[in-house]
Amino acid sequence: MMAIKTIGLKKIFKSGFGKKIEALKNLNLEIKKGETFGYLGPNGAGKTTTLKLLIGLLYPTSGNAFILGENIQNVNIKNFVGFLPEQPYFYSYLTAWEFLDFYTQLFNIPQKIRKKRINELLHLVGLKEKHADLQLRKFSKGMLQRIGIAQALINDPEVIFLDEPFSGLDPIGRKEIRDIIFKLKDSGKTIFFCSHILSDVELICDRVGILVHGELKAIGKIEDLVETKLKSAELAFSGLEEEEKEKIRHFCNRMIEHSDKTLAVFNNRESVNEAIKIIMENKGALLSLTPIRETLEDIFLKEVTHDGQTT
Amino acid sequence: MLKVRAILINTFREAVRDKILYNLLIFALLIIGGSILMGTLTIGEQQKIIQDMGLASISIFGTLIAVFVGIGLVYKEIDKKTIYNILSKPVHRYQFLIGKYLGLIFTLFVNLMIMVGVFFSIIFFINGTIKIALIQAVFLIFLELMLVTAIALLFSTFSTPTLSAIFTLAIYVIGHLSHDLKLFGAKNQQIWIKNFTKILYYIMPNLEYFNIKSLVTHNLPLPENFLLLSSLYGITYIGIILFLAICIFEKRNFK
Ligand SMILES: Nc1ncnc2c1ncn2[C@@H]1O[C@H](COP(=O)(O)OP(=O)(O)O)[C@@H](O)[C@H]1O
Ligand SMILES: [Mg+2]
C-alpha cells in the first residue's frame with residue numbers, strides 16, 4: 001500500500017472571460033510509506049494546487065487520489081494526515097495553548113491525553129512554556145511556522161504535507177525546521193513537502209519530483225537524477241609515456257596536455273577506474289580527481305528553461 | 001458533536017475578542033438608554049414610546065450584529081485561510097458550517113441578553129413589573145435574528161462580505177414589507193409586476209411573523225397560536241436556508 005497515490009490527477013481553474021488555467025496536468029505519483037518526498041517547482045508550477053487537492057480543499061477536474069489506500073473523499077482518512085498550509089494564518093486572538101487545544105478537539109482526542117500531547121508538541125517544535133499563554137499575534141514569523149507545524153502534528157499523523165515550510169525564515173529558522181523534519185523522518189513518518197528552494201531539499205529528501213507548468217518533468221532519487229542526467233570527472237596526472245597516454249585518450253572525452261601534466265575528462269565511472277588503473281600500473285603520478293557533479297539546481301534550471309522554449 | 005462544539009466555542013471566542021462587537025453593543029445600549037430617556041420626557045403616551053423604541057432598537061442592533069459579525073466571521077475564516085487548517089482535519093464541511101452558525105447564535109444570544117437586561121431593568125424601574133408580552137416580543141426578535149443569521153451565512157458561503165451584507169439587509173427590509181409587497185402587486189395592472197411581486201412574496205421570508213411590537217405597545221392580545229406558528233415558520237425557514245448553505249459549501253473550492 002502506498003502512502004500517497006494519485007492517478008491522472010488534474011485541475012483546471014476557470015478564470016473570468018472563459019479563460020482556463022491548467023494548474024495540474026495528469027499527475028501520476030506514488031509515494032511509499034516512510035518516504036520523504038520533495039515536490040519541487042518554480043512559483044506557479046502547481047505545487048500548492050496538488051496539496052489542496054490531496055487535502056480536499058479543491059476538487060479535481062478529473063482523476064483520483066488515495067492516501068494510505070483510502071480515497072481522499074473519505075473525511076476519516078484525515079485522522080492520519082497532517083497539513084501545514086503555505087503562509088499559514090492563524091487565529092491571532094488565541095494563545096498558543098488555546099490554539100492547539102482547539103485542534104485537538106477536532107480529533108475527538110480525550111481530555112486526558114490532550115494536555116500531554118500539547119506539551120509534547122510545544123517541546124518538539126522548540127517553543128518554551130512561557131509561549132503557551134502568549135497570543136499568537138505576538139509571535140514572530142519563525143514561531144508561527146513552528147506552531148503551524150505543531151498544529152499539523154497534533155494527531156500524530158502518518159502522512160505529513162508541508163507547503164513551503166522554509167519560506168520566509170532566516171538560516172537559523174530553516175535549520176530548526178529541518179531538524180524537526182529529520183526527527184519526523186526518524187520516527188518513520190511519510191513526509192511530502194513543497195519547495196522552490198533546492199538546498200533545503202537536497203539534504204532531507206529520499207526522492208524528489210520536479211513540477212513545471214503543472215507537469216511532472218522528472219522524479220527519482222536525487223543521486224539518480226543527478227547521475228543519469230550527466231556526470232563527469234576530471235583526472236589530472238603526470239609521468240606516463242606517450243604510449244600509455246594514447247590508451248587513455250581512446251576512452252576519455254577530452255585530453256588537455258600542459259607541460260608535463262595531463263588533464264583527462266571522463267563521462268562515466270568505469271572509464272575513470274580504467275584510467276586510474278593504467279596510471280598506477282605504469283608508475284604514473286595521480287595529481288587530482290575532481291568529480292563534476294551536476295547539481296539539482298542545474299537540472300531544475302534545465303527543466304524550467306527547456307519548458308520555456310517548447311511552450 | 002465535540003467537533004461542532006469546538007467550532008462553536010472558537011467562533012464565540014473570536015466574536016468576544018473582536019472590537020466591532022463591543023462598539024456595536026455599546027452603541028446599542030446608548031441608543032436604548034437614549035430612547036427611553038426621550039420617552040420619559042414625552043408627555044402622554046410615555047409607556048408606549050419607551051417600549052416601542054426599546055424593542056425597535058434591540059431588533060435593529062441585533063440585526064446589525066447578526067449581519068456584520070456573522071458575515072465577518074465566516075469571511076475571515078475563508079480569507080485568512082484558517083479554514084484550511086480546520087478542513088484538513090477530520091471535520092465534515094457541514095460540521096464546520098453548523099458549528100459556525102451555532103457559535104454566531106450563541107454570540108447573538110449573549111448580546112441580546114445584555115441589551116434586554118438593560119432594557120428590562122429600566123422598564124422594571126419605571127413600572128415595577130415586566131409584561132409577559134414583552135418577553136414574548138423578545139423571544140420573537142431572537143427567532144428573527146436566528147433567521148437573519150442563517151441568511152447572512154448562506155450569502156457568505158459564496159459571496160463577498162460587502163455583497164453578502166447588502167443582500168442580507170435587503171432581504172431584511174423586504175421581509176418586513178412583505179405585506180405591502182403583496183398589496184402593491186395585487187393593485188398593479190402590469191402582469192409581470194404582478195408575477196414578480198408574487199414570487200418575491202413567496203420566496204422572501206415574512207419577517208412580520210416575528211414582529212409583535214405594535215400589539216405589545218397597544219396592549220392587544222396575540223392571535224391564537226401565534227407564537228407556535230411563528231416558531232414553526234422560523235425553524236422551517238432556517239432549516240431550508242442552512243441546507244442550501246451546506247449544499248453550496250460542500251461543492252466549493254477553496255482558492
Ligand atoms: N484559485 C485559482 N484560480 C485560478 N488560477 C489559480 C488558482 N489557484 C492557482 N491558480 C493558478 O494555478 C497555477 C498553479 O498555482 P499554485 O499551485 O499556487 O503554484 P505553486 O504552489 O507551485 O507556486 C498558477 O498559474 C496559478 O496562477
Ligand atoms: Mg505554492
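Proteins get letters first, then strands, A, B, ... in listed order; numbering begins at 1 in each. The structure presented is a predicted model; accordingly, all values stated were derived computationally and were not measured.
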Asks: Going by the rule salt bridge (Lys or Arg N to Asp or Glu O under 4.0 Å), which residues pair with Lys14(A) if we only count those two or more places apart in sequence or in a different chain?
Replies: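 By the salt bridge (Lys or Arg N to Asp or Glu O under 4.0 Å) rule, Lys14(A) matches no residue at all.
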Asks: Tell me, for Ile9(B) versus chain A, whether the close heavy atoms (under 4.5 Å) come from the side chain, the backbone, both or neither.
Replies: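 It is neither, since no heavy atom gets under 4.5 Å.
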Asks: Per the salt bridge (Lys or Arg N to Asp or Glu O under 4.0 Å) rule, what does the pair list look like for residues 66-81 of chain B, sequence neighbours excluded?
Replies: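 Salt bridge (Lys or Arg N to Asp or Glu O under 4.0 Å) check on residues 66-81 of chain B returns Glu14(B)-Lys76(B), Asp18(B)-Lys76(B), Glu77(B)-Lys100(B).
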Asks: Are there residues of residues 138-166 of chain B that reach to under 4.5 Å of chain A by heavy atoms, and which ones?
Replies: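 The stretch does not come within 4.5 Å of chain A.
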Asks: Considering only heavy atoms, which portion of Ile154(A) lies under 4.5 Å from any heavy atom of chain B: side chain, backbone, both, or neither?
Replies: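 Contact with chain B: side chain only.
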Asks: Quick check for you: to the nearest 0.5 Å, what is the distance between Tyr84(B) atom OH and Thr48(A) atom OG1?
Replies: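 Rounded to the nearest 0.5 Å, the OH-OG1 separation comes to 8.5 Å.
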Asks: Starting at OG of Ser88(B), measure out to CG of Leu54(A) and round the result to the nearest 0.5 Å.
Replies: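 Ser88(B) atom OG to Leu54(A) atom CG measures 12.5 Å (nearest 0.5 Å).
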Asks: State, with a plain yes or no, whether a side-chain heavy atom of Phe90(A) is found less than 4.5 Å away from one of Asn85(B).
Replies: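 Yes, their side chains come closer than 4.5 Å.
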Asks: Please tell me if the side chains of Ile55(A) and Leu87(B) come closer than 4.5 Å, counting only heavy atoms from C-beta onward.
Replies: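 SC-SC contact between Ile55(A) and Leu87(B) ruled out.
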Asks: Write down the atom of Gln105(A), the atom of Ala6(B), and the distance for their closest heavy-atom approach.
Replies: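 Heavy-atom minimum between the residues: OE1-CB, 3.3 Å.
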Asks: Would you compute the distance between atom CD of Gln111(A) and atom CG of Leu2(B) and round it to the nearest 0.5 angstrom?
Replies: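 Between atom CD of Gln111(A) and atom CG of Leu2(B) there are 8.5 Å.
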Asks: Nearest 0.5 Å, what's the CG-OH distance between Asn10(B) and Tyr91(A)?
Replies: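 Nearest 0.5 Å value for the CG-OH distance: 5.0 Å.
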Asks: Based on non-hydrogen pairs under 4.5 Å, which of Tyr93(A), Tyr103(A), Phe83(A) is most in contact with chain B?
Replies: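 The residue among Tyr93(A), Tyr103(A), Phe83(A) with the greatest pair count is Tyr93(A).
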Asks: Most heavy-atom pairs under 4.5 angstrom with chain A, which of Met1(B), Arg5(B), Arg17(B)?
Replies: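 Highest number of heavy-atom pairs under 4.5 Å: Arg17(B).
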Asks: Please identify, among Lys89(B), Lys3(B), Gln95(B), the residue contributing the most non-hydrogen atom pairs under 4.5 Å to chain A.
Replies: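 It is Lys89(B).
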Asks: Side chain, backbone, both or neither: which part of Phe161(A) has a non-hydrogen atom closer than 4.5 Å to chain B?
Replies: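 Neither part; nothing is under 4.5 Å.
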Asks: What part of Gln135(A) gets closer than 4.5 Å to chain B, counting heavy atoms only: side chain, backbone, both or neither?
Replies: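 Contact with chain B: side chain only.
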Asks: Could you tell me whether Lys185(A) atom NZ has more than 12 heavy atoms of other residues or ligands within 6.0 Å of it?
Replies: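 Counting neighbours around NZ of Lys185(A), more than 12 heavy atoms of other residues, nucleotides or ligands fall under 6.0 Å, so yes.
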Asks: When rounded to the nearest 0.5 angstrom, what is the spacing between CD1 in Ile86(B) and CG in Leu106(A)?
Replies: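 Reported value, rounded in 0.5 Å steps: 6.5 Å.
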Asks: Heavy-atom count around Tyr59(A) OH within 6.0 Å, excluding the residue itself: above 12?
Replies: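 Count over threshold, so yes.
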Asks: Which of residues 232-255 of chain B have a heavy atom under 4.5 Å from any heavy atom of chain A?
Replies: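 Within residues 232-255 of chain B, near chain A: Glu250(B), Lys251(B), Arg252(B), Asn253(B), Phe254(B), Lys255(B).
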Asks: Output the option from Leu84(A), Leu94(A), Asn155(A) having the highest count of non-hydrogen pairs under 4.5 Å with chain B.
Replies: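 Most heavy-atom pairs within the cutoff with chain B belong to Leu94(A).
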